Amino acid sequence: MYFCAQFTGMRKHIGLYLLISILTVFALDVQAQNQPDTSRTRKLSEVNINANSPQKVFTGPAVVQQISAEQIRELPTLLLSDALKYMSGVVVRDYGGTGGMKTVSVRGLGTQHTGVAYDDIALTDCQTGQIDLGKLSLENVSSIALIVGLDDNLFVPARLFSYSSLLKINTINVIPVKPFSFRVGGTVGMYGLYELQAGVTHKVRSKKRDDRLFYWNLSADAMRCKGDYPYTLHYGGVNDSVSYERRKNAETKTLNTEFNAVWQIDRTQRLNIKLYYYNSARELPSATIFYNSESHQKLWNQNAFGQVHYHKYFNDKWAYQANVKFNYDYTRYLDPDYLNIEGFLDNRYHQHESYYSNTALFTPFSEKDSLKHVRKLQFALAQDVFYQQMKANSLEYEHPARFTSLTSLSALFEGNRWNLNACLLLTYVNNIIKENPDIQDYIHLSPAIGTSVDMTKTLYLRFFYKNIFRMPTFNDLYYREVGNVHLNPEKTHQWDLGLVLKEAHLAAGRITVSTTLDGYFNIVKDKIVAFPSHNLFSWTMLNYGKVYIAGAELNTFWQYRITSKYILRLNGNVTYQKAVDRTDPNSKTYNHQIPYTPLWSGSASLSLQTPWITVTYALIGCDKRYALSQNIPANEVPGYIDQSITLSHDLKFRNDSMLSLKLELLNIANEQYEIIRNYPMQGFGLRFKVVYGL
């Protein structure tokens, strides 16, 4: 009701889009009735988890990295952001501790350019434009995929084409095997970490129709962490004095609940419903300051959303899907020591978003030859509309709002030896401010094209170009201290050229190797850069006129099947990235690396699977970075290497239940390092996790 009251002026737009959607479904349905019944079974893409299977390599134009649930269990992971650290080209900005904010930047383009899709519907934050990945639990995740470029899957909302890179989190793609199952587990760790998880799943299959079923699951995850880990505070150079401190004001309490219901109406149509609620109360440790380690800032956050997805395949040629979502987010930040007239700072933010999307898919032909090569031609037309509004006591304007329309037309052609993918995205943005009715609107057309060529049976060449238009966030535009209503949107140009070696088999099939090598070049105009100043909630906004980003990524996977029960796996990646300010040749920062972007970074994991235990050694390394724009020694943040070991084992019982045990030895070298300057990360730590499932 709140949204309806605020959105009166936009009703005519919503009515128009609803009418178009209804007519589209009606037209497709009529056409389907006039054709022979050529319907076939069509399902959502399923993720089959098999510990012995080689890692999947994608050969389309897009650069795709995927982590399965099995790999997540082997790596030292507690939060979603922990798993992303093992992907190439990814910089996870971690502000320390379990409760610290965790955002992701891909290929130097900033956190706002990376979209997060939760079961193919985007998560959003109109206030900051970035998703705190520390809020998302790993318990329901079946796979994580990072897509840079043009995805081969066209049957998605237009919004998923509007990001430079897309993080896709899948939770409900696997139909349960058992009619009823549940799991309960917990994690304990050093520095006051306690986590409890529970979930239940129920499936009902129709007795009259084999293709009709319904299943639902409910899960909850509660965590508490004191976060008072020790660190060493250096007061000067190597020979200067030091003190041994403990992180203060770092306690975190979170609750994460999720409900999913899936109704497979028949072979051709499905309805998905998701309800999500998150609540957290976090103490925010301040930056480490000499002779003053006290901090009293606090942050409260509540997020609730509901989303509905429906799709129908009318026949082999036509398909349709619709998505509806409502999102509410509340944030409160309190600083009792803030130096102003009131003697404290108490900022409160309320966000509302209503979102509607519909997509039509047309496949003129799709066939397989005798060699199982697929020849396919597809077109998709998607229309998304969403309305965002924020209320806050710290904004320059009382009620900023934004209406956005996204229209995408995409095409895919798969030949015997090459693929071609293209997309046109039309963006219309209507900023709404009662106090300033003359605020500028924006219209932008973003093209993208990509291709991949099968050079041999295992070697592929790929290329893509993508243009992206990113609007400034509400904080960028309207925040009282740093906002600028005349701030220009960012415009990016991405190029990528890569080689893919797909599953080469050596030593009579006992060794499997896959490798990808990509070189890329990005240009960002009017780049908006945000980084924290004196605490985690106050940001400094900088606008670079132009940034050039050139880099290369190498990903490799090796699997050696020693025997049928002993398997050795190696995953590794390394990234070189030069991201420099090219705005003003007379500036002191010209051709300098932009803040918090390392020149070199990489990760590796070596896993030995045996009948008794799985042992994994994981390493994350990062070169030096600079905290400010000028690349001088005073602004340098040293590089680091973080090494961890995990031991895991699954006990299976006769009643088909299973007990999973996992021990994590974190940062075994006890190296003290910082990802963000003056926010020390945790040193050596222990975590133990146990999960029982039936």
Side-chain angles (χ1 to χ4, degrees), residues 13 17 61-64 103-107 109-131 145-169 307 321 323-325 327 353-359 380-388 402-412 421-431 441-450 464-474 476 488-494 496 522-528:
H13 297 285
Y17 289 120
V63 180
V64 182
T103 60
V104 62
S105 172
V106 178
R107 293 189 171 185
L109 291 178
T111 57
Q112 291 87 353
H113 280 281
T114 301
V116 180
Y118 207 52
D119 289 327
D120 282 340
I121 301 181
L123 300 177
T124 57
D125 186 323
C126 62
Q127 178 188 346
T128 65
Q130 54 192 9
I131 303 301
L146 178 65
I147 302 171
V148 182
L150 288 165
D151 191 4
D152 287 347
N153 182 17
L154 307 184
F155 199 34
V156 294
R159 200 171 197 172
L160 301 193
F161 293 102
S162 67
Y163 301 104
S164 300
S165 57
L166 181 66
L167 179 64
K168 297 182 73 173
I169 305 166
Q307 61 189 44
Q321 72 166 248
N323 300 282
V324 179
K325 181 177 180 180
N327 181 77
E353 177 182 289
S354 292
Y355 168 71
Y356 176 71
S357 165
N358 59 94
T359 305
L381 177 64
Q383 175 65 63
D384 293 12
V385 290
F386 48 96
Y387 177 81
Q388 299 168 320
R402 177 178 294 168
F403 173 79
T404 304
S405 169
L406 299 173
T407 307
S408 67
L409 176 62
S410 53
L412 171 66
N421 198 341
C423 178
L424 279 176
L425 177 68
L426 179 65
T427 303
Y428 168 71
V429 180
N430 172 220
N431 290 308
D441 295 343
Y442 292 92
I443 299 178
H444 186 81
L445 184 64
S446 301
I449 189 169
F464 75 79
Y465 163 78
K466 191 173 186 180
N467 174 264
I468 290 297
F469 172 85
R470 183 185 81 80
M471 279 295 299
T473 67
F474 281 3
D476 298 338
N488 292 324
E490 286 186 359
K491 306 171 193 66
T492 68
H493 302 270
Q494 299 173 264
D496 182 278
N522 303 330
I523 296 178
V524 186
K525 295 182 179 179
D526 297 320
K527 182 174 176 62
I528 303 168

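No experiment lies behind these values; they were computed from the predicted model shown. FYI, side chains are in, hydrogens and waters are out, and symmetry mates aren't considered; it's all heavy atoms of this structure.
- Across all non-hydrogen atoms, the minimal contact from P489 to D526 is O-CB, 3.6 Å.
- Not counting sequence neighbours, the partners of S446 by the side chain to side chain contact (heavy atoms under 4.5 Å, CB included) test are L425, H444, N467, F469.
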(message) Run S165 and T114 through side chain to side chain donor-acceptor pair (under 3.5 Å) and show every step you take.
(response) CA-CA 5 Å; S165 57; T114 301; 3.0 Å; yes
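- Pairs of residues two or more places apart, or lying in two chains, that qualify as salt bridge (Lys or Arg N to Asp or Glu O under 4.0 Å) and include a residue from residues 159-168 are D120-K168, D151-K168, R159-E353.
- Going from atom CZ of F474 over to atom SG of C126 covers 4.5 Å, rounded to the nearest 0.5 Å.
- A distance of 6.5 Å separates CG in L123 from CD1 in I169, rounded to the nearest 0.5 Å.
- By the side chain to side chain donor-acceptor pair (under 3.5 Å) test, S410 is found to be paired with no residue, residues two or more places apart in sequence or in another chain being considered.
- The minimum heavy-atom distance between K466 and A448, with the atom names listed, is CG-CB, 3.8 Å.
- Residues that satisfy the side chain to side chain donor-acceptor pair (under 3.5 Å) test with S164, not counting sequence neighbours, are H113.
- Shortest non-hydrogen contact noted between V524 and L109 is CG2-CD2, 3.4 Å.
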(message) Applying side chain to side chain contact (heavy atoms under 4.5 Å, CB included) to Y163 and I147, what does each step give before you reach the verdict?
(response) CA-CA 10 Å; Y163 301 104; I147 302 171; over 6 Å; no
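- With rounding to the nearest 0.5 angstrom, the CG atom of L154 is 5.5 Å from the CG atom of N421.
- The only member of S357, S405, S162, S408 that meets side chain to side chain donor-acceptor pair (under 3.5 Å) when paired with D384 is S357.
- Residues satisfying the side chain to side chain donor-acceptor pair (under 3.5 Å) test with T111, not counting sequence neighbours, are Q130.
- Looking at heavy atoms from C-beta onward, T407 lies out of side-chain contact with Y428 at the 4.5 angstrom threshold.
- Atom CD of residue Q383 and atom CG of residue L409 lie 12.0 Å apart, to the nearest 0.5 angstrom.
- Applying the side chain to side chain donor-acceptor pair (under 3.5 Å) test to T492 and every residue at least two apart in sequence or in another chain returns nothing.
- Checked against side chain to side chain contact (heavy atoms under 4.5 Å, CB included), I121 has the following partners two or more places apart in sequence or in another chain: Q307, N323, K325, Y355.
- By the salt bridge (Lys or Arg N to Asp or Glu O under 4.0 Å) test, D496 pairs with R107, sequence neighbours left out.
- One distance of note links CG of N430 with CZ of R402; it measures 10.0 Å at 0.5 Å rounding.
- Qualifying ring pair (Phe, Tyr, Trp, His ring centres under 6.0 Å) partners for Y118, counting only residues two or more places apart in sequence or in other chains: none.
- In this structure, Q388 CD and N327 CG are separated by 9.0 Å, a value rounded to the nearest 0.5 Å.
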